[in-house]
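What you see is a predicted model, and the numbers here were worked out from it, not measured in a lab.
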Amino acid sequence: MAEAADTPGTTPSAARRWLRRTGALLAGAPLLAGLLQLPAAGPAQAAGPDGARQASRSGSVAVTVDSLTPGAPTDGDTVTVSGTVTNKGKQAVSNAHVDLRVGSAMTTRSAIADVAKRADDLPGTDGTAVGGAYKATFAKLTPGVAEHFTISVPVDKLDLDGDGVYPLGVALSGETSAQPWDQVLGIQRTFLPWQADEADPTTRTTVLWPLISTVHMTAETGSNQQQTPVFLDDGLATEIAPGGRLDQLLALGKELDVTWVIDPDLLASVDAMAGGYRLRVDGDTTEPGTHQAVAQQWLAKLQDAVAGKEVVALPFADPDLASLAHNGTRVTGSLSQLKAATDVAATTVETVLHVTPSTDFAWPVQGAVDPSIVKVATSAGADKVIARSDSLQETGGLTYTPSAARPIGGGTTAVVADSKLSRAFEGDLTNASAATLAVQQFLAQSLALNLQTDKQRSVVVAPQRLLTAGQARAMAEAVSALQGSTWSQPQDLTATAKAKPDPDATTKVPARSAYPSALRKQELARTAFQETATTQERLDRFKVILSDQSRVVTPFGRAVNREMSTSWRGRPGAAGVFRQAVRSYLDTLAGRVRLIDKSPTKLSGRSATIPVTVQNNLVQGVEHLVLRLSSTNPTRLEISGKDYDEQPIAVSGGHSTTVKFTTSANANGQSTLVAQLYTQDGQAYGAPVTFDVKVTEITATVMLVIGGGVLLLVLAGFRMYTQRKRAAAREAEGTPEDDGTDGSTDESAAEDADEPDDTARNPQGTGDRLPDGTAARPRADGPQQPSDGTPDTAAESADPSGTGERVDR
């Protein structure tokens, strides 16, 4: 063949061309074989880069890492990795084995995030397998069958070059009948943080442990002395029961060095449940709750858990600061509600937990801030705002994560939580593999942060408010490993807020337009704050008439706070139902103090008294009310000589009282009167009662009868006068007195014969004459107008008076 070599400038011979073609085919054979190992590559490449990426993830065996201990190993430790492998393909895998592959240390936090995103991609630089005895083998992997594995490796066998975060690949290799050579068929990547010696300096890490729930209590309370509360449902009992979400949060947090962030509404609700409660069943129906003992036990465990720990109290019911800033500030009274919620927070925590909390911190949803949120957050007295680094982002080009505390003006400090650490435990972490990956990524990010610089820094971890039980377990595992590591030490939130700020850190709060649109869509609307303001106005009008305002002001004040709770985010329908229920119940109570309806009344004379009844069906007494009776036509019918008259009202609980007004008629015919209750500041209270009064004319016949009676009285008086004068004259002339015997003179007998019979003159009979012999005055014990002053009782009829009701004259 050498002899057949071409001479430069000449055409290749036929033999030479054949040799070149044969060599090319032989050289391409290995490449072709490699392509045949990736049967999906052709279609993926045809589909473009996205298709190629999708094909790269199509491992036929799923690998999960269910545990990795210790999460942050040190010298002398043995790393143990456990998990499962599941053959998802249609062919059995033979000669299968799981091994560990340690890559090169990563130098940036963003590199860690990138590896986490492609944790199960097949291609990648994963380093060499540890090999040797440190692997798990399977003779055969049957399709659809999961196999468990455990690999333990002394840390000194992992060839860790120095401090840093190492990607750790857990790979399954094997053969199939279609591809009979050893190849990686599935992989799961995680992280192995390695800090051999105590770091100098260490990162001071503050971990917030939120103890928050949704709204559970209504505004309704029982009429008993204890005011038994009514709950929406028994969901809170489920959360605090053994194994429930809040019970697990309590047990996990007790073992950690964390700052407790507590919603006082949760404490108030559990405390109320511990004393006895009722559940709303349907409409006005309630039934007794049965978990008082569970509530008592949970509170006792919480008191023990927070003893000696830092406790931060949020405003009562955890009001939505961003919603208030964006939609509520233009509604009168909204900021006052925030102030009230803040004022009651410390008292609630101290009363229930017997610790003094800090109320200096405001915590907007997900730490997202803008100038309006900061202004609202600090309006109620807080001077520190818990923000997050994906909101208050660094713009100065720093190559490291600065300390959390930042002065943002006006004496306010922003405590900026690290977003990567804070968001490490989102999503569904009920799966052991997902939880393990979250823990290792959290530890990796923490170590990478510490290795960025030799400056002493303080970092905050602020997770989502409503941690699930799975998220809480994963976070507790990570925090426990972190607090036992060589590069971090715990620190309270107050100390972090006081730490010296980094002079190069960003202190400018982002503009309102930068607020995340996804969060804005979940906010409470302005109409929600308007409805809350309406409820507060009605409460203010109602409470002024009560003899014991606390029985109403306290439960309704807290219910109004709950209407602004962050827990309503994304649930506008449920929030609206709750607000409507609060307002309706308040209206029901206020309506129990009312005027009794009156039917048309007849006035058969020029003056009369008209009774108006006020009924109080509340448990407590009412006072500071004024009842006004007005005439719509005072030229015809006056009240006490004017257009209207007023009288103060006070009615004890469960009773009613009747008030009489003097009226005078100036003309015959029908007039309309209006009765209305007012508070002492002149605000109308309740609905008015309107009724008609018919004035009848005094007839001539009645006048004649009255005149005849007067004439008879005059004549009787004249006759009595003449009789006495005659008797006096006889006595002066010596005429014997009439001793009532038969010896009377004929003259006196004749006179007596002219006298009418005593019985005729005195129909009452014997004994009704006066001592001097004159006739007794007629008795006034005939039929009388029933008194309106009967004792007030709760059982008094509230029915309207009968048709043709007559009044006292």
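The OG atom of Ser550 sits 7.5 Å away from the CD atom of Gln620 when rounded to the nearest 0.5 Å. Atoms CG and OG1, on Leu321 and Thr566 in that order, are 6.5 Å from each other to the nearest 0.5 Å. Here the CZ-CE distance, from Arg278 to Met273, works out to 14.0 Å after rounding to the nearest 0.5 Å. Taken to the nearest 0.5 Å, the CD atom of Glu537 stands 11.5 Å off from the CG atom of Leu586. Separating the CE atom in Met475 from the OG atom in Ser422 is a distance of 7.5 Å, to the nearest 0.5 Å. Here CD of Gln297 is found 9.5 Å from CG of Asp247. Values are rounded to the nearest 0.5 Å.
The closest side-chain heavy-atom distance from Met217 to Leu232 is not below 4.5 Å. No side-chain heavy atom of Leu677 sits under 4.5 Å from any side-chain heavy atom of Ile545. Counting only heavy atoms from C-beta outward, the side chains of Val544 and His624 never approach each other to under 4.5 Å. At a threshold of 4.5 Å between non-hydrogen side-chain atoms, the residues Val311 and Ile262 count as touching. Contact check for Asn327 versus Leu524: no side-chain heavy atoms found under the 4.5 Å cut-off. Counting only heavy atoms from C-beta outward, the side chains of Gln615 and Thr657 never approach each other to under 4.5 Å. With a 4.5 Å cut-off on side-chain heavy atoms, Pro611 and Val659 do not count as touching. In this structure, Phe316 and Arg562 have side chains that are in contact, with non-hydrogen atoms separated by less than 4.5 Å.
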Distance-only donor-acceptor hits, side chain of residues 368-380, under 3.5 Å, sequence neighbours excluded:
residue: Asp370; atom: OD1; partner: Ser372; partner atom: N; Å: 3.1
residue: Asp370; atom: OD1; partner: Ser372; partner atom: OG; Å: 2.7
residue: Asp370; atom: OD1; partner: Ile373; partner atom: N; Å: 2.9
residue: Asp370; atom: OD2; partner: His326; partner atom: NE2; Å: 2.8
residue: Thr378; atom: OG1; partner: Val374; partner atom: O; Å: 2.9
residue: Thr378; atom: OG1; partner: Lys375; partner atom: O; Å: 3.3
residue: Ser379; atom: OG; partner: Val376; partner atom: O; Å: 2.6

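Closest non-hydrogen pair, Ala346 versus Pro357, comes out as CA-CG, 3.9 Å. Closest approach of Leu539 to Gly557, counting heavy atoms only: CD2-N, 4.3 Å. Closest heavy-atom contact between Ile212 and Arg245: O-NH2, 2.7 Å. Summarising the geometry of Thr332 relative to Ala533, their closest heavy-atom pair is O-CB, 3.7 Å, with the distance given to 0.1 Å.
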*Under the side chain to side chain contact (heavy atoms under 4.5 Å, CB included) rule, what do Leu208 and Val461 come out as? Steps first, then yes or no, please.*
CA-CA 6 Å; Leu208 306 186; Val461 180; over 6 Å; no
*Would Asp645 and Gln647 satisfy side-chain hydrogen bond (donor to acceptor under 3.5 Å, both in side chains), going step by step from the backbone distance to the final call?*
CA-CA 7 Å; Asp645 193 17; Gln647 296 193 38; 4.6 Å; no
*Show the numbers, then the answer: is there a side chain to side chain contact (heavy atoms under 4.5 Å, CB included) between Ile639 and Asp643?*
CA-CA 6 Å; Ile639 312 297; Asp643 296 358; over 6 Å; no
*Passes side-chain hydrogen bond (donor to acceptor under 3.5 Å, both in side chains), Gln337 versus Thr532? Steps please.*
CA-CA 9 Å; Gln337 297 298 339; Thr532 296; over 6 Å; no
*Stepwise side chain to side chain contact (heavy atoms under 4.5 Å, CB included) test for Thr342 and Leu338*: CA-CA 6 Å; Thr342 302; Leu338 176 60; 4.2 Å; yes
*asked:* Working note: Lys598 + Thr690, criterion side chain to side chain contact (heavy atoms under 4.5 Å, CB included); need CA distance, chi angles, decisive distance, verdict.
replied: CA-CA 8 Å; Lys598 292 181 66 66; Thr690 302; over 6 Å; no
*Test Asp390 against Ser419 for side-chain hydrogen bond (donor to acceptor under 3.5 Å, both in side chains), laying out the working first.*
CA-CA 6 Å; Asp390 53 353; Ser419 62; 4.8 Å; no
*Apply ring pair (Phe, Tyr, Trp, His ring centres under 6.0 Å) to Phe542 and Phe556, showing your working.*
CA-CA 11 Å; Phe542 181 43; Phe556 275 100; 7.7 Å; no
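A donor-acceptor pair under 3.5 Å is absent between the side-chain atoms of Thr672 and the main chain of Thr632, judged by distance alone. Trp209 places a side-chain N or O within 3.5 Å of a backbone atom of Leu249 that can act as its donor or acceptor partner. Using modelled atom types, no side-chain atom of Tyr277 and backbone atom of Val270 make a donor-acceptor pair closer than 3.5 Å. With hydrogens and angles disregarded, no donor-acceptor distance shorter than 3.5 Å links the side chain of Thr609 to the backbone of Thr662. Using modelled atom types, one side-chain atom of Asp320 and one backbone atom of Ser323 make a donor-acceptor pair closer than 3.5 Å. Side-chain N or O atoms of Ser391 include none that pairs as donor or acceptor with a backbone N or O of Arg388 at under 3.5 Å. Of the possible donor and acceptor atoms, one in the side chain of Asn616 sits under 3.5 Å from a partner among the backbone N and O of Ser652. Put simply, the side chain of Trp298 never gets that close to the backbone of Glu239: no donor and acceptor are under 3.5 Å apart. A donor-acceptor contact shorter than 3.5 Å is absent between the side chain of Thr359 and the backbone of Ala313. A donor-acceptor pair under 3.5 Å is absent between the side-chain atoms of Gln303 and the main chain of Leu353, judged by distance alone.
Counted within 6.0 Å of CG on Asn224, heavy atoms from surrounding residues, nucleotides or ligands total more than 12; the atom is thus considered enclosed. Annotation: Gln225, atom CD; neighbour count of heavy atoms from other residues, nucleotides and ligands within 6.0 Å does not exceed 12.
A search for salt bridge (charged side-chain N to carboxylate O under 4.0 Å, His left out) contacts involving Arg465 returns Asp318, not counting sequence neighbours. By the salt bridge (charged side-chain N to carboxylate O under 4.0 Å, His left out) test, Asp271 pairs with no residue at all, sequence neighbours left out.
Just one of Glu426, Gln471, Gln366 meets the side chain to side chain donor-acceptor pair (under 3.5 Å) condition when paired with Gln464; it is Gln471. The only option from Arg526, Arg579, Gln580 that meets the side chain to side chain donor-acceptor pair (under 3.5 Å) definition with Glu531 turns out to be Arg579.
A cation-pi arrangement, defined by a distance under 6.0 Å to the six-membered ring centre and an angle within 45 degrees of its axis, is present between Arg628 and Tyr678. Annotation: cation-pi geometry not satisfied between Arg280 and Phe231 (NZ/CZ under 6.0 angstrom from ring centroid, within 45° of ring axis).
Donor-acceptor pairing under 3.5 Å is lacking for the side chains of Gln530 and Thr534. Judged by distance alone, the side chains of Glu310 and Ser358 never bring a donor and an acceptor atom under 3.5 Å apart. In the model, Asp234 has no side-chain atom that pairs as donor or acceptor with a side-chain atom of Thr238 under 3.5 Å.
Comment: Arg583 does not engage Asp587 in a salt bridge, judged by the lack of any side-chain N to carboxylate O separation of less than 4.0 angstrom.
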